[in-house]
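Data first, discussion second: the structure below is written as structure tokens.
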Amino acid sequence: MRVPICEVTPETEYAEITGWIHEIRDLGGLTFFLVRDRTGIIQVTIVRKKAPEGVLTTIREISRESVVRVAGTVKAIDKAVGGREITPEVFEVINRAESPLPLDVVEKVPAELDTRLDARFLDVRRPRVNAVFQIRSTVLDAVHDYFFRNGFINITTPKIVAAATEGGTELFPIAYFEKEAFLNQSPQLYKQMLMAGGFEKVFEIGPIFRAEEHNTVRHLNEATSIDTEVSFADHNDVMKILEDVVVVAYDRVAATCDEHLARIGIDLEVPKSPFPRITYTEALEIASRGTGEDLAFGDDLGTVAEKAVGREMGVHYFIVDWPTEIKPYYAMPYDDDPTICRAFDLMHPRMELSSGAQRIHRHDQLVDQIQAKGLGVDGFEFYLKPFRYGMPPHAGWGMGAERLIMTMLDLANIRDAVLFPRDRHRLTP
Ligand code: AMO
């Protein structure tokens, strides 16, 4: 019976494995193959003089990255990876890979990102790259788990929508019969409407679409957003949830992904909660000091400013009390000073991970705020209606999964945290 390669130990007597030919080393009378499956690598050793005729025929036609089946006796051997090797009685090529390969899976030759993404199916065979996606899977699992354990309902909202949520410029229009439609920028309006639906605690992990004009190392045109919305909660309550989610994700990876982390070369440090909080005004001061720029209330914190604040903070931190004018219409202004609002950003020293807020839950105030932002209420009726029939106070946030993983694993480019990135120039594979 076929077993995963990681289960073949020096004590195993006989094993059948399937996988890909990772490397071939031909020393004349002796040929070594490294065979890889998703669990590990094993050496297959062939002594030409002793090997069965069938095995010798196979090794004549074999190429790297071909899919093979190997069965034979296992021997403990110090010099081989994992301290064991197989001497095959059966060595079958299930599907031969063409040569040359579009990408070297052995990772000896560094490849350009574009070359790697063009041949992503081969790129993810690389143990280091594969480890990133094993960890991504673990992170999303831990986040799901957190929400389920805490009584949240997993929702799925439409990705084809009629209105912008986060501003009009980053919107992808699509052809939807005779109507104007867009790809959803965020589940924002839907998760809020479900607060009027009485769900109280919802979460969604799904795609968001942003028509980012410029290629940067931290923007995608299709990203994965971890979203939540909670009724009878304020911004402080959901910041606590956000901290917990980040810590839970790191904790799970630290506890279960030793081997994957080692492959990537990361010594993972789990962030400690509560994360420090600074106000937007304090962030401006730090940024002005750090960059020499003269930033004024109401200015966006650009990349350079963010980095300067990140350097000083050194750990995950929140920026709170943002100017109402630069946050979306749904963020609730403070009663005693409506120039600032109950919005927050969660920052990693390298970049923003999440934003959220307590939302306006009163219909008329929301209409005023939409109009104050220069937006028309046309097209928003479906969203505004629930606010007239018993909308509870609520708060929530959205966090980019790729940014969470990118910063956790210290990846240089956000494209390394997503299997098939969509950017300004990339629509395939
Ligand atoms: P915001 O627009 O700040 O807020 O997005 C929330 C988080 O989503 C991630 N993100 C992206 N990641 C990669 N590429 C992009 N183009 C991209 N755009 C956004 C970031 C960001 O911090 N509705 C609000 C959230 C809320 O208030 O609940 C929203 O979408 O990590």
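Each ligand, and each atom within it, is numbered from 1 in the order the structure gives.
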Ligand 1 versus [X], non-hydrogen atoms closer than 4.0 Å: side chain, backbone, both, neither?
X	value
L353	backbone
Q188	side chain
M406	neither

>> Return the CZ to CG distance between F318 and N236, rounded to the nearest 0.5 Å.
In response: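 Output value for this atom pair is 9.5 Å.
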Non-hydrogen atoms of [X] versus ligand 1: any pair closer than 4.0 Å?
X	result
E402	no
R218	yes
T228	no
K191	yes
S354	yes
Q185	no

What protein heavy atom sits nearest [atom], and how far off is it?
atom	answer
atom 22 (O) of ligand 1	E352 OE2, 2.5 Å
atom 8 (O) of ligand 1	G400 N, 3.6 Å
atom 10 (N) of ligand 1	I208 CD1, 4.2 Å
atom 7 (C) of ligand 1	G398 O, 3.6 Å
atom 14 (N) of ligand 1	L220 N, 2.9 Å
atom 1 (P) of ligand 1	S355 OG, 3.4 Å
atom 27 (O) of ligand 1	R359 NH1, 2.8 Å

Considering the heavy atoms of [X], write down every atom of ligand 1 situated less than 4.0 Å from one of them.
X	value
G356	27 (O)
W397	26 (C), 28 (O)
Y330	23 (N), 24 (C), 27 (O)
R210	1 (P), 2 (O), 5 (O), 16 (N), 18 (N), 19 (C), 29 (C), 30 (O)
H219	14 (N), 16 (N)
S186	23 (N), 30 (O)
I414	13 (C)
A223	12 (N), 13 (C)

> With a distance cut-off below 6.0 Å to the six-membered ring centre and an angular limit of 45° from the axis, does K201 pair with F152 as a cation-pi contact?
Replying inline: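 Yes, K201 and F152 form such a contact.
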>> Using the rule given for salt bridge (Lys or Arg N to Asp or Glu O under 4.0 Å), can you reason through K327 versus D345, listing the C-alpha separation, both sets of side-chain angles and the distance that settles it, and then say yes or no?
In response: CA-CA 10 Å; K327 280 291 176 184; D345 280 4; 2.7 Å; yes
Does a side-chain heavy-atom distance below 4.5 Å link [X] with [Y]?
X	Y	value
I24	I21	yes
F344	I319	no
S288	E293	no
I360	P333	yes
L353	H316	yes
E65	R125	yes

>> Is the ring pair Y329/Y383 parallel, tilted or perpendicular, if the boundaries are 30 and 60 degrees?
In response: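 Y329 and Y383: perpendicular rings.
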>> Would you say the ring centers of F209 and F182 fall short of 6.0 Å from each other?
In response: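 No, they do not, as the ring centres are separated by 6.0 Å or more.
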>> With a 6.0 Å cut-off on the ring centroids, do F91 and F33 count as close?
In response: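 Centroid separation for F91 and F33: below 6.0 Å.
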> Would N215 and R426 count as a side-chain hydrogen bond (donor to acceptor under 3.5 Å, both in side chains) if you check the C-alpha gap in whole Å, the side-chain angles of each, and the deciding distance to 0.1 Å?
Replying inline: CA-CA 10 Å; N215 269 334; R426 184 171 288 281; over 6 Å; no
> Do other residues, nucleotides or ligands put more than 12 heavy atoms under 6.0 Å from the NZ atom of K159?
Replying inline: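 More than 12 within 6.0 Å, yes.
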